[in-house]
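I have placed the structure first, in the form of structure tokens, so that the comments after it can refer back to it.
Here is how names work: the chains are called A, B, and so on, in the same order as the sequence lines, proteins then strands, and each is numbered from 1.
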Protein chains: 2
Amino acid sequence: MGVTLKAIAEKAGVSPTAVSFALRGKNPGKRKLSEHTVERIRQVALDMGYRPNGIARRLVNGRTLSLGLVAWSADRIEEPLFPKFLKGIGRACEDLGYSLELSILYAEQDNHIDRFLTRVLREKTVDGYVLIFVDEINEEDLYRLNAINVPLVWVVRHPLEKSINNVRVDTERGYYLATRHLIEQGCKRVAFLAGDLSFQADLEALMGYRRAIKEFGLPDDSSLIAEGNYRKVPSLQAARKLLDATPRSDGIVAANDISAVQVLNVCNERGLSVPQDIAVIGHNDTALAEMVEPQLSSMHMPAEQMGYDAIAYLVNICKGQNEQTGCVKTFTPELVVRRSSNRKSYG
Amino acid sequence: MGVTLKAIAEKAGVSPTAVSFALRGKNPGKRKLSEHTVERIRQVALDMGYRPNGIARRLVNGRTLSLGLVAWSADRIEEPLFPKFLKGIGRACEDLGYSLELSILYAEQDNHIDRFLTRVLREKTVDGYVLIFVDEINEEDLYRLNAINVPLVWVVRHPLEKSINNVRVDTERGYYLATRHLIEQGCKRVAFLAGDLSFQADLEALMGYRRAIKEFGLPDDSSLIAEGNYRKVPSLQAARKLLDATPRSDGIVAANDISAVQVLNVCNERGLSVPQDIAVIGHNDTALAEMVEPQLSSMHMPAEQMGYDAIAYLVNICKGQNEQTGCVKTFTPELVVRRSSNRKSYG
DNA sequence: TTGAAAGCGTTACCAA
DNA sequence: TTGGTAACGCTTTCAA
């Protein structure tokens, strides 16, 4: 179809080998070509509009120099953290000289996981995969996934097995830090607006919250806990329930910024001032946190760095510089204090 | 490296040809193999853990069955619309049997465009590209881009030339509709909180706003226009300027939801009620619109559909079913009325 | 019906 | 130093 090395070679009166070396420049291997020849070959290639065929190159090199990113759930790519992961992932690919193949799994399509497992993943097209947002996978699919002998790194997943390469967040510590922060601001009764306690991640969060509560001797009461499912309407209801309870809490740790904002709204309804009457902290530090009044404290996720490191880790595995034995990289969320929990500066 | 067709052929005592046909199933070509042989070959392949080499397949087929998505600006992938485009793009790729290669251009890296143009784009690795967010490109880069003879479709770009395949939004009409909506709600003096009027898109927006203003005989005054740069702080200042002017406006069209929310905040500061005193409408219909109180009316972008259509269009070009002559697909934003502009239902 | 062999475009080895 | 040539893994044509 296009212009090939051979065609250039014929026109320039040299061998394809010479063309290959000339065009790659910088003396790959130890081949010497006269400056003059190189220049002529370059000119011919330019004239003919030559574009190297990356596919042929990948075939002969035996490595694709390409990595796959699999978004296990199409819905979750609309979460604010996803583009941040993607940014880090893309940057790492660029830095390390890989290209990135993105697959999105659409739950509403029939057998989407099955199709992916057999058509995409089994076809050798990339050197390895980063899997993101795998919060649900059945035993059989997991088995099939592992049976395919290809380097995998999992990011932000529902914990499954120890034998998996994993880039994760220390959720327990994140909630511990958030809760401790409210206590340090003087809160005496701190509530927890969770997402969905049937998820493993939420249980870890609960543990972190409880650890702080106990450490400082605050009341540990099931009436202090409600679920908002990470979404607006149920969080609003949960926030009302928490704020209308007696005795009332004076601090709330929320599972994400959306639910924390609902707490702010209810405080507004009830005439409670934030942070004086109620101190509030969200989770994930999304753009929303800076949009609301008062601005929302939140736990920041180093998503871009996590994405970067996931790729770097995957590349190591691909190059065989790393055993594939369930190494785990853990990141800790960082406390970002804004007005909603800052009693000291804003009184 | 891995298990090849040849290896399977030897083990099964047949030819590589037979294996190739057997594993692809469904009688590609008109070849007949006995059920029994096919079954045996399949079993051997399974036992040996065979994974077809997609790269070799791509090479011999002459088409990569792969498309590139180029995010011209890494920062803009954090905009709420990007994941929606991506969702449509990914779905189209899935439906049409293509894989997707994502490239992100990081402005902070030296010669990022240059590197992309020479290393990535010139390397034949995909059949064609969708370019997104190209709001700045110099003459020389544009020339080099077009000189590479590869199918391109541009999405959400700064308009440059007529000869470009383009999927775009009818910005003028979007702002016309938004403005007209406020007028229909009874507004007599409508202001425009723009982004940055040095951008072409903002000029189109201004034209749409003005068209509606003039059509209904409302005042057309430069004091009704301010720039907020799409960002929080400058939008807040611009909103104050607009709302403190005399005579005061009773309706504001904003260039995005972030700036519209700043209008809400200022109304709150000034004790103005929304929508009774001031009706407000944003743009892009992001998640933020439903988060604030009162909920924000906005112009909805059919981003997912645009992404889908961009890929479908690109595939047509790749298959040669479409001449590459600057065809343009235009989408119209849809009015989404929420409380911030709805005087009739909420009084 | 089946298999051998040519070819896809590139790289790398090995003679010359 | 140079260029022919084999090889990468697959598909497809052509001959048996």
key: N/O (side chain, B:S15) to phosphate O (OP1/OP2, C:dG3) under 4.0 Å   = yes

task = Check every atom of D:dT12, D:dT5, C:dG3 against the side chain of A:T17 and return the nucleotide holding the closest atom.
result = D:dT5

CA sep, side-chain torsions, deciding dist, call: B:K11, B:D47, salt bridge (charged side-chain N to carboxylate O under 4.0 Å, His left out) = CA-CA 11 Å; B:K11 200 151 199 167; B:D47 291 345; over 6 Å; no

ask   = Does C:dC8 have OP1 or OP2 sitting under 4.0 Å from an N or O in the side chain of B:R58?
value = no

task = Using heavy atoms to find the nearest nucleotide of DNA chain C for B:L59 and A:V60 separately, return the residue whose nucleotide is more 5′.
result = B:L59

key: Test: A:R119 cationic atom under 6.0 Å from A:F116 six-membered ring centre, within 45° of axis   = no

ask   = How would you label the contact of B:P52 with the nucleic acid (heavy atoms, under 4.0 Å): base, sugar-phosphate, or nothing?
value = sugar-phosphate

key: Between P of D:dG9 and OH of B:Y50, the distance in whole Å   = 10 Å

inquiry  = Can a donor-acceptor pair be found, under 3.5 Å and without considering hydrogens, that links the side chain of B:W72 to the backbone of B:E136?
reply    = yes

request  = Apply side chain to side chain contact (heavy atoms under 4.5 Å, CB included) to A:K84 and A:M301, showing your working.
outcome  = CA-CA 10 Å; A:K84 294 178 198 267; A:M301 297 295 153; over 6 Å; no

Value in whole Å for how far the C1' atom of D:dT12 lies from CG of B:N61 = 10 Å

remark   = When A:K6 and B:T37 are each assigned the nearest nucleotide of DNA chain C, the 5'-most assignment goes to B:T37

key: Length of the CD1-P vector between B:I8 and C:dG3, whole Å   = 15 Å

key: Separation of D:dT2 P from A:F21 CZ (nearest whole Å)   = 12 Å

request  = Starting from P on D:dT11, measure out to CG on B:L65 and report it in whole angstrom.
outcome  = 12 Å

query = Roughly how many Å is it from CG in A:L5 to P in D:dG4, rounded to a whole number?
reply = 14 Å

remark   = Shortest non-hydrogen pair, B:F331 vs B:Q305, comes out as CE2-CG, 3.8 Å

ask   = So, is A:R57 close to the C:dG9 phosphate, meaning a side-chain N or O under 4.0 Å from OP1 or OP2?
value = no

query = CD1 of A:I55 versus C1' of C:dT11: gap in Å, rounded?
reply = 15 Å

query = Taking CD from B:E10 and C1' from C:dG3, how many angstroms apart are they, rounded to a whole number?
reply = 14 Å

message = Counting only side-chain nitrogens and oxygens, does A:S20 get under 4.0 Å of the OP1 or OP2 atom of C:dT10?
response = no

